[in-house]
Structures are given as structure tokens and as C-alpha cells.
Amino acid sequence: MANKLAIIASNGGLFDAYKVFNIATAAAATDTEVAIFFTFEGLNLIHKQAYQQLPMPAGKEHFEQGFKRANVPSIPQLVELAQELGVKIIACQMTMDVMNLQKEDFIEGIDVGGAVTFLDFAQDANVTLTF
């Protein structure tokens with residue numbers, strides 16, 4: 001059986017995005033099947049406009065130079081890499097309905113589904129993470 005990683009992304013900050021996409025791309029690069037379920041503020045991480053301008057948390061501006069020095073990819077670059085590596089991106093239908101968002105508000109290539117869609121993937125995952 002192949003390794004499977006299930007991630008729930010419910011927070012929408014810049015550091016959350018790096019955690020989610022760094023782990024997802026690292027796992028996918030090692031032949032792990034990965035799915036990420038984006039819900040509540042986590043939808044920011046795949047929203048067409050929001051994911052391109054996630055703010056640096058207050059008081060953490062010094063990280064900006066560190067990211068540049070370490071050649072850390074931008075969030076849009078990490079999202080693109082995740083998709084190239086076959087990471088399944090699932091936007092939560094219920095949250096989209098509550099927030100009056102449509103599939104068109106998000107990046108290309110995502111799936112929209114409810115908790116059951118994610119649970120179908122996660123039920124036999126080797127690891128499940130929440131950010």
C-alpha cells in the first residue's frame with residue numbers, strides 16, 4: 001500500500017501556508033499520495049487573490065529577509081509545485097456556501113467537496129495533519 005498523507009488547512013496565514021505546502025510538496029516528492037482539505041480561513045491559501053498577498057504576521061517582518069536569503073519559494077510557486085506533484089486540493093463546499101464563494105474564486109485545478117470527500121481519502125491515510 002502506498003503512503004498517504006491527509007492535511008486539513010483551516011488557518012489562512014502566511015506561516016500556515018508554508019507549513020501546509022512545504023509538508024505537502026515534500027511528501028508528494030517522496031511518492032506519498034497527498035490530499036489537502038481547505039476549510040474556513042484555510043481557503044485563503046488557494047483563493048486566486050488572497051494566496052498571492054498573504055501578509056507577514058505582525059512582529060515577524062524579520063522573516064522576510066530570511067525567506068529571501070534562503071531562496072524559499074513564494075506561496076504561489078509552492079502551490080504550483082504541489083499541483084505538479086499531484087497533490088489533491090479540496091475546497092470545503094460548506095465553507096464556500098457560508099462565505100458565498102464559488103469555485104471560480106479559487107486557483108485552477110481544485111476539487112470542491114464536503115467532509116465526506118476528504119474522509120474518503122483520509123480514512124486509510126498513514127498520517128493526518130491539521131494546520
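Quantities reported herein were computed from a predicted structural model and do not represent experimental measurements.
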Are any side-chain N or O atoms of [X] and backbone N or O atoms of [Y], one a donor and one an acceptor, separated by less than 3.5 Å?
X	Y	answer
Lys103	Ile110	yes
Asn126	Lys4	yes
Asp97	Met94	no

Task: Trace of the side-chain contact (heavy atoms from CB on, under 4.5 Å) decision for Asp31 with Asn3 - done: CA-CA 8 Å; Asp31 293 327; Asn3 286 330; over 6 Å; no
Which heavy atom in [X] sits nearest to a heavy atom in [Y], and how many Å separate them?
X	Y	result
Leu45	Ala17	CD2-CB, 3.5 Å
Ile90	Gly113	CG2-N, 3.9 Å
Pro76	Tyr51	CA-CE1, 3.4 Å

Open item on the list: If the threshold is 4.0 Å, N to carboxylate O, is there a salt bridge linking Lys48 and Asp105?
Closed with: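 No, this pair does not count.
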Does one hydrophobic cluster hold both [X] and [Y], with members joined at side-chain heavy-atom distances below 4.5 Å?
X	Y	value
Val87	Val79	yes
Leu81	Leu14	no
Leu85	Phe121	no
Met99	Ile8	no

Task: Test ring-ring contact (aromatic ring centres under 6.0 Å, His included) applied to Phe40 - qualifying residues, sequence neighbours left out - done: none
Taking the side chain as every heavy atom from C-beta outward, state whether [X] and [Y] have any atom pair closer than 4.5 Å.
X	Y	answer
Lys88	Phe118	no
Cys92	Phe37	yes
Phe106	Leu101	yes
Phe131	Ile7	yes
Asn44	Leu54	yes

Open item on the list: A quick test of your reading: do over 12 heavy atoms of other residues, nucleotides or ligands sit less than 6.0 Å from CD of Glu61?
Closed with: yes
- [ ] Before giving the answer on side-chain contact (heavy atoms from CB on, under 4.5 Å), spell out for Ile89 and Gln83 the whole-Å C-alpha distance, their side-chain angles and the decisive distance to 0.1 Å.
- [x] CA-CA 8 Å; Ile89 294 175; Gln83 289 181 306; 3.8 Å; yes
Open item on the list: Assess the residue pair Leu43 and Met96 against the criterion (side-chain contact (heavy atoms from CB on, under 4.5 Å)); give the C-alpha distance rounded to whole Å, side-chain angles, the decisive distance to 0.1 Å, and a yes or no.
Closed with: CA-CA 8 Å; Leu43 287 173; Met96 288 172 57; 4.1 Å; yes
Open item on the list: Using the ring centroid of each side chain, check whether Phe15 and Phe63 are separated by less than 6.0 Å.
Closed with: yes
For a quick test of your reading: what N or O donor-acceptor pairs under 3.5 Å do the side chains of residues 18-27 make, sequence neighbours left out?
unit_1 : atom_1 : unit_2 : atom_2 : d
Tyr18  : OH     : Pro73  : O      : 3.0
Asn22  : ND2    : Tyr18  : O      : 3.2
Thr25  : OG1    : Phe21  : O      : 2.7
Thr25  : OG1    : Asn22  : O      : 3.3

- [ ] Say whether Thr95 and Thr39, considering side chains only, have a donor N or O and an acceptor N or O under 3.5 Å apart.
- [x] yes
